[in-house]
Each structure stands twice: as C-alpha cells, then as structure tokens.
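Take a look at the structure below.
Model, not experiment: these values are computed from the prediction. Naming convention: chains lettered A, B, ... in sequence-line order (proteins, then strands); numbering from 1 in each chain.
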2 protein chains.
Amino acid sequence: MLSIGTLGKRTGTKVQTIRYYEQIGLMPEPGRTEGGQRRYEDAELDRLAFIRHSRELGFSLEAIRELLDLSDNPERSCAQIDAVAQKQLHKVEARIARLEALRIELRRMIGECHADRVADCRILEVLRDHEECLSEH
Amino acid sequence: MLSIGTLGKRTGTKVQTIRYYEQIGLMPEPGRTEGGQRRYEDAELDRLAFIRHSRELGFSLEAIRELLDLSDNPERSCAQIDAVAQKQLHKVEARIARLEALRIELRRMIGECHADRVADCRILEVLRDHEECLSEH
DNA sequence: TATACGATCTACAGCTACTGTAGGTTCAAG
DNA sequence: CTTGAACCTACAGTAGCTGTAGATCGTATA
C-alpha cells in the first residue's frame, strides 16, 4: 500500500501530476484510507511508470491513452502499437529537422554580428528582415 | 492604413493572435476608425514581422519583449542582444540533443518488435521497463 | 497518550502561446 | 442601398502540468 508521495518519488512524478492523471482518467481512482488519503497497489505504480516513461519519449497523453487501451487487449494485433510508435518517431524527426534549421540560422545570425551598438546589430537586422528566412510555409 | 486582416495576411498571423499580442503589450494599441476598427501603420507591420520571425526562430514572447526593448535603445551595447540569441541557440541545441536521444530509443524500440500479438509486443515492454531508459535526470 | 510536523486533502487559479466561438457591428464593393 | 466579408468584444478551451490556500490526516517521538 503506497501513498501518493511514495508513488511520486518512485516514478519521478509530482503529487499534483498524479492527481491530474487521475482526474483525466489516465490513472484509476485508487483505494482510500479511512481519513481519505489515496493508497496504491504495485499495479498502479507500474501504470504510472509506463505513463512517465512514455512521456519522456515525447508521447502525448492522448497517444499514451491509446497505448494503454491497446495493452489492455493483449490478444489483438500489435500493428496499432507499432503505428503509434512510428507516428511518434516521425514527429520527433520532424521536430529535429525544424530545430536544425533554426540552429543554422541562429548560428549564422550570431556569427555575423561584430557590432558594438544596438543600432548596428546584425542580429536585430536578421530578425527584422524577412528576405532570407524560414517562412516558406 | 492597414486593417488587422491585411496585417495578418502579410505576416502570416491570425487576427486573434495580433489582438492577443496587443493585449499582452507586445504590439501597441493602434489607431481606430470612427466605427472602432483597428488601423495600422507600416511601423506596426515591421514590428509584427519582427515578432513573427523571432517566434519562428523559437524565441519566447518574453525573449522577444526583451529584444524589442533593447532595439528601442539603439545606442546601447548589443552584447545583451547577443546574449539573448546565444541563450536561444543553447536552448535549441539542448532540445536537439534531447530529441536525438528520443529518436534513437524510439527506433530501437520499433526495430525490436516483430511480434503479432500485443501480448508479445516489445514496444510496450520497453515502455513499461525502466531499466534501460533515459530517466537519469 | 499527547503533540508536533510533514504529508495529504480539495478546489481553484495560473502558466505559454495561442485558437475558437458567439453574437453583434462596420466597411466597402456593386 | 444592400449585401456579405471583415471586424468588434468577451470569454472559454487547448496541453500538460504547477502552484496556492486552508484544512485535515498519519505517524514518529516525548
């Protein structure tokens, strides 16, 4: 029987976050002591660990909900799980590509400025100037 | 004299977003027509373009506020602007590093699963298992 | 057994950076 | 003058938490 604080420490989750997961139905309503405090079983610890690990991998709460639903039906095909993971991988890769473009522009911007006064600052110029920017979309 | 819609189209910004920027003090309160509609000058167009371009580069609204303040004092040293840009570059690089670690784990996870049934799915196992994960922080 | 004090409780507000909606008004083209 | 797109305000909602206030609970120690 674990208190919410213990659960939090074991999984690196804030107490409020656990209550929030309960509120949105991602975590089940646990048993309570006579005084009304939450008490958890190991199964709930595992579930929370799953959620947190998935969050660390960047899965949205919606995706995690889907994964949890799927894992409740162990006889079904795991193609759907693969699809969720693939989608996440694509998202991560798209974000990397975007950030790498940003990095290049930021580096160029910073490298170009050797001014002293704000008035001559190339960084501001680049930010003001829309010619050579990323906004093709 | 530009309407808010025109401003939006020229900068790729939704009308509500412009009003939001005004509300939080990032854009000035523009003049109005007799009927109460906003009318902008070219200076405001430039300011909005600056904001949007900076947003595209991942700067937070707070950072942009700082950059705009600095650029209002063109005689000051541009070292502060450089610092803001450097900080942003570090943030971007940190995010890239993090996402690259995620990509590796996601790829490994997906590559390892050749199961049919959810019950045997390696992806879920990896997500459940905290042994080999990223959570050193 | 009494007490102290940290942990927990509920309920709600706040964060970032917008986006969407409802219900009404204004502008400009035809 | 009419029509319809664009505009107005005000407010709620999004994700994923985090923080606060004020009250109650649980347990280790005296």
Show me the donor-acceptor pairs within less than 3.5 Å that the side chains of residues 66-77 of chain A make with the rest of the protein, sequence neighbours left out.
| from | atom 1 | to | atom 2 | distance (Å) |
| --- | --- | --- | --- | --- |
| A:S71 | OG | A:L68 | O | 3.1 |
| A:N73 | ND2 | A:D69 | O | 3.2 |
| A:E75 | OE1 | B:R117 | NH1 | 2.8 |
| A:E75 | OE2 | B:R117 | NH1 | 2.9 |
| A:S77 | OG | A:A79 | N | 3.0 |

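- Looking only at side-chain heavy atoms (C-beta outward), A:E105 and B:H53 come within less than 4.5 Å of each other.
- Among the heavy atoms of the strands, none lies under 4.0 Å from A:I24.
- Annotation: side chain of B:D46 is not in contact with side chain of A:R128 (no heavy-atom distance under 4.5 Å).
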Study note, to complete from the structure: B/S/- along nucleotides 16-25 of chain D (protein heavy atoms under 4.0 Å) is BBBBB----S
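- No side-chain heavy atom of A:R65 sits under 4.5 Å from any side-chain heavy atom of A:L61.
- Terminal axes of the helix from C:dT1-D:dA30 to C:dG30-D:dC1 (five pairs each, C1' rotation axis) are separated by 0°, to the nearest 10°.
- Qualifying side chain to side chain contact (heavy atoms under 4.5 Å, CB included) partners for B:E100, counting only residues two or more places apart in sequence or in other chains: A:I96, A:E100, B:I96, B:R103.
- With hydrophobic clusters built from ILVMFWY side chains whose heavy atoms lie under 4.5 angstrom apart, A:Y40 shares a cluster with A:I24.
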Only pairs under 3.5 Å count here: list side-chain donor-acceptor contacts from residues 30-39 of chain A, not counting sequence neighbours, and write none if there are none.
| from | atom 1 | to | atom 2 | distance (Å) |
| --- | --- | --- | --- | --- |
| A:R32 | NH1 | A:G36 | O | 2.8 |
| A:T33 | OG1 | A:G35 | N | 3.4 |
| A:T33 | OG1 | A:G36 | N | 3.2 |
| A:T33 | OG1 | A:Q37 | N | 2.9 |
| A:Q37 | OE1 | A:R39 | NH2 | 2.9 |
| A:R38 | NE | A:E22 | OE1 | 2.8 |

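- Using a distance-only test at 3.5 Å, with no hydrogens or angles considered, a donor-acceptor pair links the side chain of A:R47 to the main chain of A:L26.
- The closest donor-acceptor contact from the side chain of B:R55 to the backbone of B:F59 lies under 3.5 Å.
- In the 5' to 3' direction, nucleotides of DNA chain C lying under 4.0 Å from heavy atoms of chain A begin and end at C:dT8 to C:dT10.
- Classification of A:E112 and A:R108 as a salt-bridged pair holds, one side-chain N sitting under 4.0 Å from a carboxylate O.
- Nucleotide D:dA6 holds its P atom 13 Å from the CD1 atom of B:I4, rounded to whole Å.
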